[in-house]
Student: 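One structure coming up, written as structure tokens, with questions to follow.
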Protein chains: 2
Amino acid sequence: MGHNEAVPDRNWIVEEKSFSGRYLGKSEVLMALGNGYMGIRSANEESYAGEKRNTFIAGTFNRFDENEMPELPNAADLINLDIELDGEVFDLKSGQIIFYSKSLNLKTGELTRKITWVSPGGKKYDLLFRRFVSRDNLHIIGQRVEIKAVDSDSGIRLMSGINGQMTNSGVQHFSEGEKRLFDNKYLQLVQTTTQSEIDFVFNTTHNFETDSGPAELEPLVLIGRRIIKVCYSYNLKKGERFAVEKISNIHTSRDKGNENKTLEELRSMSLAELITASAAGYSKLFQKSADIWADDWKHFDINIKGENDFDQLAVRFAIYHLTIMTPAHDNRMNIAAKGLTGEGYKGHTFWDTEIFMLPFWIYSKPEVARSLLEYRYLSLPGAHRKAKGNGYKGAMFPWESAWLEDGEVTPEWGSADVVTGKPIKIWTGFIEQHISADIAYAVWHYYSITGDQDFMDKYGYRLIVEIAVFWASRLEYNECDQKYHINDVIGPDEYKEHVNNNAYTNYMAAWTIKKAMEYYEDLSKNRPELFKTLNNEIGLDDVYKDWSDRINKIYLPKPGPDLVIPQDDTYLEKEVIDLTRYKNQEHPGMILRELSIKRVNEIQVSKQADVLLLLYLLEDKFDKNVKKANWYYYEPKTLHDSSLSLSTHCILACDLGDMDKAYDLFRQATCIDLGPNMLSSEEGIHAASLGGMWQCVVNGFGGLRTPGGKLMIDPHLPKQWNQLEFSVIWRNDRIRIATDNKTLFIKKETKNNPVIEIEVRNRKYLLKDQLNINIYDNN
Amino acid sequence: MGHNEAVPDRNWIVEEKSFSGRYLGKSEVLMALGNGYMGIRSANEESYAGEKRNTFIAGTFNRFDENEMPELPNAADLINLDIELDGEVFDLKSGQIIFYSKSLNLKTGELTRKITWVSPGGKKYDLLFRRFVSRDNLHIIGQRVEIKAVDSDSGIRLMSGINGQMTNSGVQHFSEGEKRLFDNKYLQLVQTTTQSEIDFVFNTTHNFETDSGPAELEPLVLIGRRIIKVCYSYNLKKGERFAVEKISNIHTSRDKGNENKTLEELRSMSLAELITASAAGYSKLFQKSADIWADDWKHFDINIKGENDFDQLAVRFAIYHLTIMTPAHDNRMNIAAKGLTGEGYKGHTFWDTEIFMLPFWIYSKPEVARSLLEYRYLSLPGAHRKAKGNGYKGAMFPWESAWLEDGEVTPEWGSADVVTGKPIKIWTGFIEQHISADIAYAVWHYYSITGDQDFMDKYGYRLIVEIAVFWASRLEYNECDQKYHINDVIGPDEYKEHVNNNAYTNYMAAWTIKKAMEYYEDLSKNRPELFKTLNNEIGLDDVYKDWSDRINKIYLPKPGPDLVIPQDDTYLEKEVIDLTRYKNQEHPGMILRELSIKRVNEIQVSKQADVLLLLYLLEDKFDKNVKKANWYYYEPKTLHDSSLSLSTHCILACDLGDMDKAYDLFRQATCIDLGPNMLSSEEGIHAASLGGMWQCVVNGFGGLRTPGGKLMIDPHLPKQWNQLEFSVIWRNDRIRIATDNKTLFIKKETKNNPVIEIEVRNRKYLLKDQLNINIYDNN
């Protein structure tokens with residue numbers, strides 16, 4: 001079980017074995033460091049054209065001007081450290097690289113570069129770069145650089161400091177800062193965001209080690225616009241190893257607990273922290289951080305034994321990134337669609353959180369999932385505002401969400417069409433409305449797995465009820481069929497804008513209202529106090545009447561004679577064309593380049609899982625034949641031109657027993673970031689895809705499911721895998737599950753419930769300590 | 001005379017013979033292109049870390065926020081053109097450079113790069129890059145790139161367009177822009193500055209030539225934040241030459257004549273212009289521009305024959321840059337201290353214009369000098385505001401000047417002292433007040449050489465009078481010596497802040513008042529109409545009374561027994577130390593690094609010419625012995641830690657006959673930008689130093705002077721020179737002067753004055769057509 005301690009790094013290392021000045025973004029993103037508070041792209045210490053030095057602090061949104069939406073500002077860079085060796089700039093584009101390895105250890109969160117380089121002048125150097133972002137103290141960044149002059153003496157010159165000239169693709173979010181040098185050793189830059197007025201305090205310092213022990217070097221201070229740097233020189237003897245440790249930290253006035261601090265307090269507090277951290281040194285700081293990783297991996301790790309080591313690595317890669325992207329420390333923040341690894345989507349939160357990333361957290365660390373849902377509760381005012389602004393009631397959640405009070409932050413207008421000059425309206429913020437249902441679903445999902453009644457009492461009921469109020473107000477009565485329709489929406493399939501009765505949206509809306517009604521009935525009967533409060537605030541009795549009047553009249557697209565559920569009112573009437581050219585190609589978006597969006601709208605082609613996602617989320621509402629019919633109908637028409645698509649199809653393929661297809665879809669999903677396309681991750685990691693990969697393994701191949709709130713396990717390993725082992729938390733108990741496709745081993749590792757009921761392949765089992773089930777026979 | 005047409009490029013070419021990725025700024029600045037309307041640093045087509053892609057449009061000041069002063073914003077880049085050859089990025093840091101030459105032809109204004117490059121994959125290419133900024137149509141930029149695959153077929157991919165992600169060291173001055181593609185060929189980006197709301201319209205297009213003639217290639221359009229680019233591909237046969245021409249233009253709503261245009265009109269007008277220009281093609285557009293250069297050089301060129309070709313090149317270099325830095329097209333604009341070649345000093349105008357650059361224009365193209373002085377007239381409101389704000393009267397000109405209405409734009413506070421954290425007050429904007437006298441002096445200087453009465457009537461008298469009013473109000477009566485003092489100023493020597501009675505300031509102030517009084521007397525007698533107008537507006541009678549009361553009581557520091565004029569009240573009492581360590585070293589600012597500013601203030605050391613500048617400007621007020629005594633006193637104490645210093649010392653050395661020293665100082669001045677220090681020009685060209693170089697040659701070695709308005713010539717060539725030839729405009733006539741130190745040849749090339757009186761070595765001559773004077777005898 002778990003990884004083999006004797007070979008600790010097997011399948012834990014993401015490595016780049018040769019340097020490419022052209023595809024810097026790939027390792028910057030794939031090997032990004034972070035802890036949910038901050039995320040730093042793994043740009044190199046030395047500078048290259050085309051690099052992206054991004055440092056994002058969760059929740060620190062700022063707006064450049066009224067025409068741009070708030071975004072996470074790219075904070076000052078602390079990572080840069082330029083090296084001059086005997087008068088020559090250390091630059092991997094010049095000279096000769098004898099050995100090169102840049103790697104991220106997913107187990108410890110350490111980034112390492114190991115290089116043997118011969119300078120253009122012919123001098124040979126060994127360089128070792130190490131770096132981490134602390135999980136122990138969320139504010140700390142550690143770097144260590146070791147340089148050895150292999151074959152001759154060499155003068156070293158380092159230039160390093162704090163660079164606030166960073167922008168978001170040219171957009172500057174910070175005022176000029178105040179720069180300070182304390183004790184001739186500690187650098188500080190203080191900057192404030194231009195509109196949201198968040199103070200950032202950056203501190204950094206350098207310590208040196210030579211073969212004769214710690215060394216004190218005299219800094220030459222360099223001040224520039226938004227920059228403070230120091231320059232250090234040292235004469236290195238042939239064969240001597242020189243090390244510099246750069247320890248930095250970042251604090252902001254937005255950090256929880258800093259609300260009442262003055263800027264002066266924030267500055268001195270953060271400086272004191274840095275001085276202490278610097279005294280501890282890289283090794284100790286790193287070890288503390290690695291210990292937290294080790295703790296997490298004990299629980300998070302998924303063990304896959306099979307013919308492709310890559311699968312094991314990919315799932316760890318997903319878990320690593322899910323961990324570093326999540327602001328678990330602060331319920332006023334949520335996960336960005338690109339994590340904290342790129343400017344893409346401006347750091348905004350989408351439904352990606354609820355439907356794709358949240359399950360990992362529900363099953364792995366439910367308190368984090370709770371915090372993410374509390375964020376939605378805290379942003380209810382914006383949801384009320386959006387509902388009201390659109391003529392509806394209750395909570396209509398923003399399609400894109402930033403800071404709590406911001407409300408809807410989807411840009412209303414995209415760039416003008418370059419040919420016609422007409423501004424392109426971005427419709428998602430107006431009509432991609434399913435997100436409200438997705439949030440209601442996630443609340444229920446979290447509750448059904450955790451049983452966290454405290455959460456429901458404080459936040460959950462209210463969220464679901466308010467969303468149900470929205471949906472009831474959103475319904476449009478149609479005289480023809482005497483049903484309530486939901487017209488003019490975008491469903492999950494974003495190739496189809498302005499559709500009526502998108503199946504996913506209608507079913508999920510109806511589900512939300514139904515769920516709210518159940519809770520009404522339950523609370524009014526069993527929780528009179530809570531019921532009274534909610535009733536007073538929301539007028540539950542009135543809305544319940546509304547719900548009851550409408551719930552059975554909501555139009556839910558039914559499967560036709562061929563069992564296919566129409567994705568919307570017109571999808572099935574559209575032209576069917578041969579999609580071979582666009583299916584499974586390297587750039588799935590090609591269809592939009594070759595055909596107009598208007599033409600794409602006229603044919604039966606989907607960007608991503610839509611009906612199939614509905615069949616997965618509400619799996620107990622549809623029988624297997626319907627799933628099969630829709631799978632075979634929609635899969636060939638789905639281009640997976642969204643990273644939110646493959647995992648759903650993979651899971652359904654598992655359900656239908658098409659394991660080759662499932663495995664193929666899983667591998668495609670792993671390749672979205674980890675694959676050979678060197679530009680795919682330029683704008684940041686595909687967060688939803690990583691959440692989806694975890695679901696492929698646990699909910700798909702692992703077969704762990706909770707339809708209607710029942711715990712069920714029905715594993716189906718692909719033929720490439722011999723064994724799969726993972727653990728989940730169910731109602732406060734940690735359960736470890738291992739299978740080799742013949743036997744299923746289930747162990748309850750904690751004792752919060754005396755017994756847990758589990759259904760395995762339609763048979764019920766009672767898990768007390770552990771179970772060994774032969775699943776081969778009833779496969 | 002002039003250059004030899006048979007060897008057209010002798011001493012006209014500034015060339016870089018090997019590529020350095022480290023010192024990109026040097027050729028970017030030295031080889032910058034421009035026309036006074038725009039200036040573009042000569043960054044390379046392909047991108048490198050550390051490059052600075054600057055495009056400045058004169059007069060388009062914008063303010064990032066209230067804590068920063070207005071600056072010239074770095075406009076969208078049109079120059080970038082990335083090249084991929086057979087899948088490999090063209091990048092001089094990789095592969096092998098077989099031949100490299102980057103050069104600027106000062107005669108034609110064309111930038112050329114000629115490269116033979118072997119890619120990392122081993123393929124050999126010849127590349128030729130050409131570029132110019134048009135002097136014919138100030139809005140046009142032309143580029144041409146030729147690529148030849150020497151030894152095998154090769155696929156070419158170009159990516160080029162308009163990139164508005166540029167910043168001023170991280171400061172973004174533009175809103176997101178609108179991007180358009182017209183006729184599948186013409187790109188347009190429209191952006192507006194964030195605070196001053198100036199619209200910029202950028203257009204660009206690409207044309208192709210292959211061995212089979214013009215080619216049409218299909219663009220792939222790429223849109224990003226503030227970016228529109230196109231990608232073109234072509235399959236190049238072995239030995240075939242492929243050429244792309246990129247023709248671009250820039251227009252802004254600030255341009256003269258655009259005041260009443262709508263943005264839509266500006267867009268269509270500029271697009272139409274681009275389409276016409278693109279049809280003409282690089283060669284024709286370039287030739288038209290080169291013709292203007294040729295016309296200018298006919299008059300501007302200075303011919304030096306001597307042992308060092310570099311001297312000839314250096315003076316042409318100065319004239320080239322003086323030409324491209326000057327917004328001669330618009331009297332609402334002035335010259336920036338770094339021209340249009342860097343962010344240094346934010347594009348602001350200082351006294352550098354009046355004292356250092358203006359003489360070149362007065363003598364070479366007086367209408368440009370007039371336009372520069374009109375700028376001061378147009379910015380009188382800001383000067384009034386500054387005077388009033390400081391409790392004075394009349395016109396107190398800003399130390400740093402930007403847009404007409406801006407008034408004083410010197411930052412009030414520098415960055416905080418990094419050690420103490422205390423903000424450092426920048427005093428120049430408050431107390432470096434001599435600029436107002438410098439402007440008055442320049443007005444008189446222009447008038448005395450041109451005799452431009454129209455200018456005086458419209459602008460000149462008013463400027464001098466208003467400045468004299470300021471000075472009169474500025475004087476402080478001292479009871480002790482019953483004199484008017486000027487206390488608490490900074491003189492030209494900026495090492496000394498808060499001094500009393502800086503000799504330069506006091507003399508120049510008194511001179512201004514005196515000159516105003518003369519004009520009062522003259523106008524009241526001879527120009528009753530004009531006098532009446534001025535009297536009504538300014539109350540001349542009253543101020544004249546004021547002036548009369550005070551003029552003889554202004555304290556003017558007199559030469560002591562040793563004939564040394566005290567630089568200020570305390571300078572001569574300060575400690576004298578051995579300055580050898582700081583004198584003539586590579587980084588003259590070293591003294592401030594080693595000693596504190598407080599300490600520097602306690603010793604007799606000057607940053608730059610101060611008393612000596614006074615002796616030069618008001619040369620007829622001081623006799624030769626005083627000049628000599630002060631030269632020998634102050635020269636050893638002057639570190640020339642300002643590029644405004646060497647030329648004054650050089651000219652005085654000429655006057656005193658120390659030709660070796662004069663030549664040495666001239667060479668030092670030429671090395672400020674053209675010397676081996678690869679970082680000296682990083683922030684932009686040293687405009688005043690270039691103006692000073694021109695003065696060294698014409699006013700120093702050439703000995704052309706106009707003390708009190710008389711034309712005098714007294715050449716002193718250094719022994720390294722055999723011949724010097726130049727031309728100037730005196731009272732509307734062009735006069736050509738040539739000397740070999742033995743004879744002086746003077747020719748009147750135009751016929752606006754029947755005869756011109758010239759004093760040569762204390763003898764008067766009447767110049768009718770030409771004069772040949774033997775000066776060897778009376779040397």
Side-chain angles (χ1 to χ4, degrees), chain A residues 20-22 46-51 64-68 76 82 84 88-89 91-94 120 163-184 187-188 190 194 220-221 223-228 267 343 414-421 423 593, chain B residues 20-22 46-51 64-68 76 82 84 88-89 91-94 163-184 187-188 190 192 194 220-221 223-228 267 343 414-421 423 593:
Chain A
S20 160
R22 186 173 184 180
E46 69 280 9
S47 305
Y48 296 96
E51 68 186 8
F64 178 72
D65 66 20
E66 292 188 356
N67 299 314
E68 301 199 21
D82 285 316
E84 206 181 288
E88 299 181 282
V89 174
D91 178 346
L92 293 173
K93 283 190 173 181
S94 68
N163 180 355
Q165 293 189 357
M166 301 294 108
T167 63
N168 293 53
S169 294
V171 171
Q172 177 57 262
H173 285 292
F174 293 90
S175 61
E176 171 65 271
E178 192 184 334
K179 301 133 200 167
R180 289 294 298 276
L181 175 69
F182 298 96
D183 297 344
N184 207 29
L187 306 181
Q188 186 174 75
V190 182
T194 53
L220 180 69
V221 184
I223 300 289
R225 209 165 173 183
R226 288 168 167 75
I227 282 185
I228 178 165
R267 294 176 64 158
E343 293 177 19
S415 201
D417 179 294
V418 292
V419 174
T420 64
R593 293 222 157 134
Chain B
S20 160
R22 186 174 184 179
E46 68 281 9
S47 306
Y48 295 97
E51 69 187 8
F64 178 71
D65 66 21
E66 292 187 357
N67 300 312
E68 303 198 21
D82 285 315
E84 207 181 287
E88 299 181 283
V89 174
D91 178 346
L92 293 173
K93 285 190 172 180
S94 68
N163 180 356
Q165 293 188 358
M166 300 296 107
T167 64
N168 293 52
S169 294
V171 170
Q172 178 58 261
H173 286 291
F174 293 90
S175 61
E176 172 65 90
E178 192 183 334
K179 300 133 201 166
R180 291 293 296 277
L181 175 69
F182 296 97
D183 297 343
N184 206 28
L187 305 182
Q188 186 174 75
V190 182
T192 306
T194 54
L220 181 67
V221 184
I223 301 289
R225 209 164 172 183
R226 288 169 167 74
I227 283 185
I228 178 164
R267 293 176 66 159
E343 292 176 20
S415 201
D417 179 292
V418 292
V419 174
T420 65
R593 291 222 158 135

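Keep in mind the model is a prediction, meaning the values are calculated, not measured.
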Student: Supply the atom-to-atom distance R22(B) CZ to D82(A) CG, rounded to the nearest 0.5 angstrom.
Tutor: 10.0 Å

Student: Checking heavy atoms, do the side chain of F174(B), its backbone, both or neither come under 4.5 Å from chain A?
Tutor: backbone

Student: Go through E176(B), K179(B), Q165(B) and name the one with the most non-hydrogen pairs under 4.5 angstrom from chain A.
Tutor: Q165(B)

Student: Do you know which two heavy atoms are closest between D417(B) and R180(A), and how far apart they sit?
Tutor: O-CD, 3.9 Å

Student: Supply the atom-to-atom distance Y48(A) OH to K93(B) NZ, rounded to the nearest 0.5 angstrom.
Tutor: 8.0 Å

Student: Calculate, to the nearest 0.5 Å, the distance between atoms CG and OG1 belonging to N67(B) and T194(A) respectively.
Tutor: 11.5 Å

Student: For chain A, find which of E68(B), E178(B), E46(B) contributes the most heavy-atom pairs closer than 4.5 angstrom.
Tutor: E68(B)

Student: Between D183(B), N163(B), L187(B), T420(B), which shows the greatest number of heavy-atom pairs under 4.5 Å with chain A?
Tutor: T420(B)

Student: What part of L220(B) gets within 4.5 angstrom of chain A, counting heavy atoms only: side chain, backbone, both, or neither?
Tutor: side chain

Student: Tell me, side chain or backbone of E343(B) under 4.5 Å from chain A's heavy atoms, or both, or neither?
Tutor: side chain

Student: Do we get R226(A) above F64(B)'s six-membered ring, with its NZ or CZ under 6.0 Å from the centre and within 45° of the axis?
Tutor: yes

Student: Donor-acceptor pair, Q172(A) side chain versus G170(B) backbone, under 3.5 Å?
Tutor: yes

Student: Does any backbone or side-chain atom of T167(B) lie under 4.5 Å from a heavy atom of chain A? Answer side chain, backbone, both or neither.
Tutor: side chain

Student: If you count heavy-atom pairs under 4.5 Å between each of I227(B), D65(B), N184(B), D91(B) and chain A, which one has the most?
Tutor: D91(B)

Student: Please state whether the side chain, the backbone, both or neither of E84(B) comes within less than 4.5 Å of a heavy atom of chain A.
Tutor: side chain

Student: Return the option, out of N168(A), V419(A), V418(A), with the maximum number of heavy-atom pairs under 4.5 Å with chain B.
Tutor: V418(A)

